[in-house]
Amino acid sequence: MESPGAVSPQAAQLKALRDPRYRAAEIAQRKIMVRAGLHDLHYWMHISMQGLDRLTSLLAEHAVEDMEIYLAALDMQATGQARMQQETLKQRHDSQLASLLGHPRFEEWKLYREAADARRYLQEMNSYLPSGDLLAPEQVRSIATAMVQAERSTEEEVRRLAAFAEPQPDPVT
């Protein structure tokens, strides 16, 4: 049990994030982590190093904002309010990303994110192939895109079948 006047770890982290130097350091750390996660983005979107740097910076800022909402929700146990804040923040983040990338590239970005599992699977599969038989980046992109489209089709079919299987009200005669 916490002693009276004790500050929760979440409240301490939130307070630290209000310090501009701490916040800048947290964003810099997140930028390194985000950049590592985007190692194949230039193959996917053919983005310049300058564009990748701007995108990485924006995503790092988004990660810190997401962390603030998460910490506030834990500290206050206000999950309903936190969900609303998260949705508002997601819409703002998407708007910022669309503004930075432009609409066609933003759509590519969404597909890139959606294809993360497929890309990881293909990367793992590539690790088992002899070096002369490795999939080229464009092959990975084509296959991952096809896997995402197949998953979308399957999900849509499941939704269609689930709606069909729901009991329909008896018509009044």
Side-chain angles (χ1 to χ4, degrees), residues 1-45 47-124 140-141 144-145 147-156 158-159 162:
M1 179 159 187
E2 290 186 13
S3 60
V7 177
S8 72
Q10 295 86 2
Q13 181 77 18
L14 281 169
K15 182 178 179 187
L17 284 170
R18 290 187 199 108
D19 176 357
R21 290 182 311 185
Y22 182 88
R23 186 180 190 85
E26 186 67 40
I27 289 172
Q29 180 182 8
R30 296 293 173 140
K31 187 174 179 179
I32 292 168
M33 294 184 323
V34 166
R35 186 65 171 263
L38 301 177
H39 62 89
D40 61 346
L41 183 65
H42 60 284
Y43 293 121
W44 194 271
M45 293 179 57
I47 193 168
S48 70
M49 291 307 285
Q50 184 181 18
L52 181 59
D53 191 52
R54 287 193 313 264
L55 177 61
T56 303
S57 295
L58 183 60
L59 293 172
E61 290 174 26
H62 289 176
V64 171
E65 290 174 352
D66 290 341
M67 182 175 62
E68 284 178 303
I69 288 183
Y70 175 75
L71 290 169
L74 286 177
D75 192 46
M76 295 181 238
Q77 298 180 358
T79 55
Q81 183 181 4
R83 260 188 239 113
M84 288 183 353
Q85 288 176 330
Q86 284 173 329
E87 187 55 37
T88 301
L89 195 60
K90 182 185 179 323
Q91 290 171 355
R92 186 169 58 98
H93 288 175
D94 283 351
S95 175
Q96 290 172 337
L97 285 166
S99 177
L100 175 69
L101 297 171
H103 182 71
R105 278 227 159 131
F106 180 59
E107 293 303 316
E108 286 181 69
W109 167 252
K110 291 191 312 187
L111 181 60
Y112 173 81
R113 296 296 299 235
E114 192 175 356
D117 289 339
R119 288 183 292 106
R120 268 191 295 280
Y121 171 79
L122 292 168
Q123 184 178 10
E124 183 179 336
V140 170
R141 181 181 177 163
T145 299
M147 290 170 74
V148 166
Q149 290 170 342
E151 185 176 339
R152 286 177 184 166
S153 294
T154 301
E155 289 171 356
E156 180 59 35
V158 166
R159 278 192 294 277

I'd like to check [X] versus [Y] (side-chain heavy atoms, cut-off strictly below 4.5 Å). Are they in contact?
X: Trp44; Y: Thr145; value: yes
X: Met67; Y: Gln13; value: yes
X: Leu52; Y: Arg35; value: yes
X: Arg23; Y: Glu68; value: yes
X: His62; Y: Gln96; value: yes
X: Gln123; Y: Asp40; value: no

Show the nearest heavy-atom pair for residues [X] and [Y], with the distance to one decimal.
X: Gln10; Y: Leu71; answer: CB-O, 3.6 Å
X: Val140; Y: Leu122; answer: O-CD1, 3.6 Å
X: Val64; Y: Glu26; answer: CG2-CG, 3.8 Å
X: Ala60; Y: Ile27; answer: CB-O, 3.5 Å

Checklist entry - Does Arg119 make a cation-pi contact with Tyr112 (under 6.0 Å, within 45 degrees of the axis)? => result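 Yes, Arg119 and Tyr112 form such a contact.
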
Next on the checklist: Please determine whether salt bridge (charged side-chain N to carboxylate O under 4.0 Å, His left out) holds for the pair Glu156 and Arg159, giving the CA-CA distance in whole Å, both sets of side-chain angles, and the decisive distance to 0.1 Å.
Outcome noted: CA-CA 5 Å; Glu156 180 59 35; Arg159 278 192 294 277; 3.2 Å; yes

Using 0.5 Å steps for rounding, measure from the [atom1] atom of [X] to the [atom2] atom of [Y].
X: Ile69; Y: Leu89; atom1: CD1; atom2: CG; result: 4.5 Å
X: Lys15; Y: Ser8; atom1: NZ; atom2: OG; result: 12.0 Å
X: His93; Y: Thr88; atom1: NE2; atom2: OG1; result: 10.5 Å
X: Arg92; Y: Leu97; atom1: CZ; atom2: CG; result: 11.0 Å

Other residues, nucleotides and ligands only: do more than 12 of their heavy atoms fall within 6.0 Å of [atom1] on [X]?
X: Phe106; atom1: CZ; result: yes
X: His103; atom1: NE2; result: no
X: Arg21; atom1: CZ; result: no

Checklist entry - Would Gln86 and Lys90 satisfy side chain to side chain contact (heavy atoms under 4.5 Å, CB included), going step by step from the backbone distance to the final call? => result CA-CA 6 Å; Gln86 284 173 329; Lys90 182 185 179 323; over 6 Å; no

Item to check | Main-chain N/O of Gln91 paired with Ser95 side-chain donor or acceptor, under 3.5 Å | outcome: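 Judged by distance alone, no pair lies under 3.5 Å.
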
Next on the checklist: With side chain to side chain contact (heavy atoms under 4.5 Å, CB included) as the criterion, how do Met45 and Leu101 come out once you've worked through the C-alpha distance, each side chain's angles and the decisive distance to 0.1 Å?
Outcome noted: CA-CA 10 Å; Met45 293 179 57; Leu101 297 171; 4.3 Å; yes

Next on the checklist: Does Arg105 form a side chain to side chain contact (heavy atoms under 4.5 Å, CB included) with Leu100? I'd like the steps, not just the answer.
Outcome noted: CA-CA 9 Å; Arg105 278 227 159 131; Leu100 175 69; over 6 Å; no

Checklist entry - Can you list the steps and then say if Arg30 with Glu65 is a salt bridge (charged side-chain N to carboxylate O under 4.0 Å, His left out)? => result CA-CA 11 Å; Arg30 296 293 173 140; Glu65 290 174 352; over 6 Å; no

Next on the checklist: Show, in sequence, the C-alpha distance, side-chain angles and deciding distance for Asp53 and Lys31, and conclude whether the salt bridge (charged side-chain N to carboxylate O under 4.0 Å, His left out) test is met.
Outcome noted: CA-CA 9 Å; Asp53 191 52; Lys31 187 174 179 179; 2.8 Å; yes

Item to check | Step-by-step salt bridge (charged side-chain N to carboxylate O under 4.0 Å, His left out) determination, Glu107 to Lys110 | outcome: CA-CA 5 Å; Glu107 293 303 316; Lys110 291 191 312 187; 3.2 Å; yes

